Amino acid sequence: MPLRYADERAKAGVIQQLTSLTVDECETLAPLVQDAFRAHMAEWTFEGKPRGGRRYSQYANSPLPTPEDRLLFVLMYLKGAPLPTAHAAAFGLTQPKANL
């Protein structure tokens with residue numbers, strides 16, 4: 001089962017161990033990161049190319065469905081810089097998708 005923020009949130013200290021931030025800090029930061037992500041995706045694709053006529057929309061079966069999951073993904077990567085394969089496996093992604 002993929003790692004999900006909601007599943008780990010209630011476990012004592014797990015979010016802080018994974019990210020170095022408290023649950024409160026993550027929940028304060030998540031909407032701000034979500035706004036920045038949406039602003040970036042309005043102009044750029046995941047591949048770093050300027051966005052053409054099609055606007056960004058999140059897939060219904062996204063492997064990172066919530067802003068908190070996306071924040072957890074990024075913070076864990078920045079904290080530990082694990083091998084992309086290990087990071088992809090933890091979140092149920094393929095290695096190329098984790099690199100994006």
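Just so you know, these numbers come straight off a predicted model, no measurement behind them. Because only heavy atoms are used, hydrogens play no part in the values below, and waters and symmetry mates are left out as well, while side chains stay in.
- Judged by distance alone, the side chain of Gln17 and the main-chain N or O of Val14 form no donor-acceptor pair under 3.5 Å.
- Looking at Leu29, Leu72, Leu71 one by one, the single match for side chain to side chain contact (heavy atoms under 4.5 Å, CB included) with Leu21 turns out to be Leu29.
- The OG1 atom of Thr94 sits 6.5 Å away from atom NZ of Lys97, with the distance rounded to the nearest 0.5 Å.
- The minimum heavy-atom distance between Pro63 and Gly92, with the atom names listed, is CB-O, 4.4 Å.
- Residue Leu75 holds its CG atom at 10.5 Å from CD of Glu25, rounded to the nearest 0.5 Å.
- A search for side-chain hydrogen bond (donor to acceptor under 3.5 Å, both in side chains) contacts involving Gln16 returns nothing, not counting sequence neighbours.
- Cys26 is listed as a side-chain neighbour of Tyr5, based on a closest heavy-atom distance under 4.5 Å.
- Defined by atom type and a distance below 3.5 Å, a donor-acceptor pair is missing between the side-chain atoms of Gln58 and Arg38.
- Both Met76 and Phe73 are assigned to one and the same hydrophobic cluster, defined by single-linkage of ILVMFWY side chains at heavy-atom distances under 4.5 Å.
- A donor-acceptor contact shorter than 3.5 Å is absent between the side chain of Asp69 and the backbone of Arg4.
- Annotation: salt bridge (charged side-chain N to carboxylate O under 4.0 Å, His left out) contacts involving residues 40-63, sequence neighbours excluded, are absent.
- In this structure, CD1 in Ile15 is found 11.5 Å from OG in Ser20, a value given to the nearest 0.5 Å.
- In this structure, the side chains of Tyr77 and Thr19 stay at 4.5 Å or more apart for every pair of heavy atoms.
- Formation of a donor-acceptor pair under 3.5 Å by the Thr28 side chain with backbone atoms of Asp24 is found in this model.
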Inset, instruction - Applying side-chain contact (heavy atoms from CB on, under 4.5 Å), run through Leu3 and Glu8 and close with a yes or a no. - result: CA-CA 8 Å; Leu3 183 64; Glu8 304 304 319; 3.5 Å; yes

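- Aromatic rings from Phe37 and Tyr56 are positioned such that their centres are separated by under 6.0 Å.
- Leu32 and Leu78 are members of different hydrophobic clusters when ILVMFWY side chains are connected at heavy-atom separations under 4.5 Å.
- Under a 4.0 Å N-O distance rule, the pair Glu27/Arg9 qualifies as a salt bridge.
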